[in-house]
Amino acid sequence: MKDTSITAEPGERFTLTVDQNASTREYWYLVDPEPDSSVLVSRGQDYASDSGGESVPGDGGRLTFTFEAKGKGTTRFTLLHCTFTTCQGNTSTLPPETTEPSATPTTGAASPAPERITYTVTVN
């Protein structure tokens, strides 16, 4: 698990961008615990294809999460990186917009755990 610190001012918006490829059943999710809404709120996510908007089989892209600092304080949130080998229920027919992943790794001794990145945000 990776930990990353971010400092922001009240009213400031910032983004986090990760590589994602739905054709290989690779997705990122904002998972519980979500940030304290009095300190930080999610303003949604946006996907941009590497092919410039056209859907090309096998083509990846970037997923951008947008957040807005609301009030002074510190909060944490986690992004979960699922691949077809690490999260149950993670299929190309059930993308993040329509379902929540199971944070439980799939069964099997060789299956790796999904990557988690925890962000600590301090609003001054």
Side-chain angles (χ1 to χ4, degrees):
M1 178 165 46
K2 298 178 187 175
D3 290 326
T4 303
S5 296
I6 298 169
T7 302
E9 298 295 323
E12 182 179 345
R13 284 190 178 207
F14 64 90
T15 60
L16 300 170
T17 301
V18 292
D19 290 329
Q20 178 170 287
N21 190 336
S23 68
T24 60
R25 297 186 304 214
E26 173 189 17
Y27 297 109
W28 285 88
Y29 300 89
L30 177 61
V31 295
D32 288 334
E34 292 192 15
D36 179 341
S37 62
S38 68
V39 178
L40 184 73
V41 293
S42 172
R43 293 297 184 199
Q45 57 194 40
D46 185 50
Y47 180 78
S49 172
D50 287 341
S51 60
E54 296 178 25
S55 181
V56 177
D59 196 16
R62 285 165 305 288
L63 182 64
T64 300
F65 294 88
T66 301
F67 297 91
E68 183 179 344
K70 296 301 284 181
K72 293 183 179 187
T74 299
T75 189
R76 295 170 59 129
F77 66 89
T78 300
L79 294 183
L80 177 70
H81 182 211
C82 287
T83 65
F84 73 97
T85 61
T86 60
C87 294
Q88 296 176 359
N90 183 32
T91 69
S92 59
T93 59
L94 296 173
E97 299 82 37
T98 60
T99 186
E100 291 291 322
S102 167
T104 305
T106 55
T107 57
S111 296
E115 177 185 9
R116 292 176 182 268
I117 302 175
T118 298
Y119 295 87
T120 301
V121 179
T122 301
V123 179
N124 296 320

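These values consider heavy atoms only, across backbone and side chains, with no hydrogens, waters or symmetry-generated copies.
With T78 as the partner, the side-chain contact (heavy atoms from CB on, under 4.5 Å) test is satisfied by one option alone out of I117, L30, V31, D32: V31.
The CG atom of L80 lies 13.5 Å from the OH atom of Y27; values are rounded to the nearest 0.5 Å. Taking CD of E26 as the start and SG of C82 as the end, the distance is 10.0 Å to the nearest 0.5 Å. Atom OG1 in T122 sits 10.5 Å away from atom CG in L40 (nearest 0.5 Å). Rounding to the nearest 0.5 Å places OG of S49 at 11.0 Å from CD of Q20. If you take CD on Q45 and OG1 on T15, they are separated by 13.0 Å, rounding to the nearest 0.5 Å.
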Task: Verdict with reasoning, R62 to D46, per salt bridge (Lys or Arg N to Asp or Glu O under 4.0 Å) - done: CA-CA 8 Å; R62 285 165 305 288; D46 185 50; over 6 Å; no
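Residues forming a side-chain hydrogen bond (donor to acceptor under 3.5 Å, both in side chains) with T64 (at least two apart in sequence, or on another chain): T17. Among residues two or more places apart in sequence or in another chain, the side-chain contact (heavy atoms from CB on, under 4.5 Å) test is passed with S38 by D36. By the side-chain hydrogen bond (donor to acceptor under 3.5 Å, both in side chains) test, S37 pairs with no residue at all, sequence neighbours left out.
Taken together through direct or relayed side-chain contacts under 4.5 Å among Ile, Leu, Val, Met, Phe, Trp and Tyr, F14 and V39 form part of one hydrophobic cluster. Two different hydrophobic clusters hold Y29 and V41 under the rule that ILVMFWY side chains link at heavy-atom gaps under 4.5 Å.
Heavy-atom minimum distance, E9 versus N124: OE1-O, 3.5 Å.
Taking the six-membered ring for Trp and the full ring otherwise, the centers of F67 and F77 sit less than 6.0 Å from each other.
A distance-only check finds a donor-acceptor pair linking the side chain of Y47 to the backbone of G61 [under 3.5 Å]. With hydrogens and angles disregarded, a donor-acceptor distance shorter than 3.5 Å links the side chain of W28 to the backbone of D19.
Considering only heavy atoms from C-beta on, T120 stays 4.5 Å or farther from T4 through its side chain. Looking at heavy atoms from C-beta onward, Y119 lies in side-chain contact with L79 at the 4.5 angstrom threshold. R13 places a side-chain heavy atom less than 4.5 Å from the side chain of R43.
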